[in-house]
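Structure record follows, encoded as structure tokens.
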Amino acid sequence: MSKISNFVGVSARKNVEAAIAKAHANESFHALLSLTETRALERADAVDRGEISGKLAGVPFVAKDNFLTLGGTTTAASKFLENFAAPLQATAIEKLEAEGAICIGKANLDAFAHGGSTENSAFGPTKHAFDQERVAGGSSGGSAVAVALGIVPFALGTDTGGSIRQPASFNGVVGVKPTYGTVSRYGVVAMASSTDTIGVLASCTDDAALVMSIISGKDTKDMTTLPDFFVPTKLDEKKSIGVIKEAMTDDVDPEVRRVTNEYVEKLRTDGHEVEEVSLSLLKYALAIYYIVVPAEISSNLGRYDGIRYGKRAEANRLREVYGSSRDQGFMTENKRRIMIGSYVLSSGFFDAYYLQAQKVRTLLINEFNALLTTFDVLITPVAPTPAFILGENTNDPIKMYLSDVMTVPASLAGLPAISVPAGKNEQGLPIGVQLIGKRRDDALLLALAKRIEEEV
Amino acid sequence: MTQLSHDDVQHLARLSNLRLTDDEARMLQVDLDNIVGYITQLDELDTTGVEPTYQVTDLENVWRDDVVDTYDVAASALLALAPVTEAAQIKVPKVL
């Protein structure tokens, strides 16, 4: 993997050319859907001429292909947007460009970010960085693999229920899902608006913190953004840490538990107080998630009708245009989620499913808040298993959804959560640990992880 | 367990503006039935008197001035995205 510092103060053109060459050399992983070579080289030359400067001058990166960018397509890995060339850029991209960073391409994902393996991409799956028989994780699988292979030092991703953290864990990179509202969602393809977050995948906590400090902040184009608060920090005092016992049961792969316990031991050796704690509602989080999120998806994806942008199917009547365009543009998983959303929101079922889920969500948040008055940081594995085999879970949606069981709780509560590499299983597959913090404690989580980063 | 019928699935497809083939509908019938069975576990919890959570920003009523903002995107650039246009309008087939 490569660090941001290796790219600063050297020829931007060489950086970009090397990154693009590396992307070509690793095409078999299918981490990237497109390269934006022309625009990237133009910007690199502008950096080398001194016309663009900043903290990331000449540093190449990739963005998940649900970020609107200029100079190429933004497909959301869907047939619907296969040829969509955005007329504007996401705020996160604009902020990175303002600091001189150079987007060299777009990373693969599950179509519309619906999935946990990147197998739902309309253009084929991304392969795991260390075992091409296995999934990259998802939905930000392309972003994670691009960083793990050292194509770029960092990548942007989105995380609605674990889509940055889980692929980060699978591929051995750092992944940050910030406090809800930390980074503007403007110019990013919407999935579930009440839990959608923008974050970063990088090779180390310092780089992740640097990128977060650049992309975060209030944006008038996204009314849900919080006033600026993210400042990279160092941690000198001892923290109080709770390990969630419901996330360490026999259902969790023994190697994942071993690696998590070893990580916790390192924190203890570093002087922090660690205790086992209970989050009794953890087991209900996935059920809440698979009501609330499909409901929001069914609404957000209503816009894909083939009228104003994207692919329009041939038909003689308007209603057939909608139906056929959506039939051809969506993957099965997109349809599944839209229909679950329609079901839980339909009259007669609304109270039983949607309203009940939002009430249990309140109970979950209350339980988190109670724990976080006593403890500074909570710890769980990121996923119950290391990366699984391609095709292993594709015929069983519930089994696939269970891969998110550890990551959805923080999403529902809007809490910051990071995935940091913690070790490997016997086969050499990376395993990550999740650190969950109080709202706005994003930088503290990274600072805590940094203390034992070298040992891991 | 709930029992979603084939008709239920086609009804949901209509509500969702989706056209499903019979094969797709059969497959989704099984999937949706399993998923609905899974999410029904929330019935176990007593939520009497609990307020629902719809958003987690801790922000309230974020206002902006009521003025048109084009966000630096020209109307022509947006129109250019539409599959069919005529005289600066988006063209669609007959409604009825």
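Every chain is numbered from 1, with letters handed out A, B, ... down the list of sequences.
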When rounded to the nearest 0.5 angstrom, what distance separates [atom1] in [X] from [atom2] in [Y]?
X	Y	atom1	atom2	answer
B:L42	A:L363	CG	CG	10.0 Å
B:N34	A:K399	CG	NZ	13.5 Å
A:L355	B:T47	CG	OG1	7.5 Å
B:L18	A:S298	CG	OG	10.5 Å

Side chain to side chain contact (heavy atoms under 4.5 Å, CB included) evaluation trace for A:R361 with B:V56: CA-CA 10 Å; A:R361 185 181 190 179; B:V56 290; 4.0 Å; yes
For [X] versus [Y], what's the shortest heavy-atom pair and its separation?
X	Y	result
A:M339	B:A13	CE-N, 3.9 Å
A:K335	B:L20	CD-CD2, 4.0 Å
A:Y309	B:P83	N-CD, 4.1 Å
A:A85	B:L81	O-CD2, 3.5 Å
A:S194	B:Y54	CB-O, 3.8 Å

B:E44 versus A:Y284, side-chain donor and acceptor atoms under 3.5 Å: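 Per modelled atom types, A:Y284 and B:E44 side chains form a pair under 3.5 Å.
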Side-chain donor-acceptor contact under 3.5 Å, B:S16 with A:S342: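 There is such a pair between these side chains.
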Side chain to side chain contact (heavy atoms under 4.5 Å, CB included) between A:V321 and B:V92, intermediate numbers included: CA-CA 9 Å; A:V321 169; B:V92 298; over 6 Å; no
Against chain B, label [X] side chain, backbone, both or neither, depending on which of its atoms sit under 4.5 Å from a heavy atom there.
X	answer
A:F349	neither
A:T220	backbone
A:L412	backbone
A:L81	neither
A:T225	backbone
A:L281	side chain
A:I398	side chain
A:V344	side chain

B:D69 CG: over 12 foreign heavy atoms closer than 6.0 Å: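 Buried by this count: over 12 neighbours within 6.0 Å.
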A:R317 side-chain N/O to B:P93 backbone N/O, donor-acceptor pair under 3.5 Å: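 Side chain of A:R317 to backbone of B:P93: no pair is present.
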Any donor-acceptor pair under 3.5 Å from A:T362 side chain to B:T53 backbone: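 Side chain of A:T362 to backbone of B:T53: a pair is present.
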Side chain, backbone, both or neither: which part of [X] has a heavy atom under 4.5 Å from chain A?
X	result
B:I90	side chain
B:I35	both
B:D72	neither
B:L79	neither
B:L45	both

Residue among [options] with most heavy-atom pairs under 4.5 Å to chain A:
options	result
B:V9, B:D8, B:V84, B:L15	B:V84
B:E51, B:K94, B:R64	B:K94
B:L78, B:D43, B:D58	B:D58
B:H11, B:K91, B:R14, B:Q55	B:K91

Electrostatic pair A:R337-B:D31, nearest N-O below 4.0 angstrom: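 No salt bridge links A:R337 with B:D31.
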Sidechain N-carboxylate O distance under 4.0 Å for A:D327, B:R19: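 B:R19 and A:D327: not salt-bridged.
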Ring centers of A:Y186, B:Y71 separated by less than 6.0 Å: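 Yes.
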Residue pair B:I39, A:Q356: steps toward the side chain to side chain contact (heavy atoms under 4.5 Å, CB included) verdict: CA-CA 10 Å; B:I39 61 180; A:Q356 175 71 355; over 6 Å; no
From CA spacing to verdict: side chain to side chain contact (heavy atoms under 4.5 Å, CB included), A:T332, B:M27: CA-CA 10 Å; A:T332 302; B:M27 189 186 67; 3.4 Å; yes
Any side-chain heavy-atom pair of B:T57 and A:M223 under 4.5 Å: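 Not in contact.
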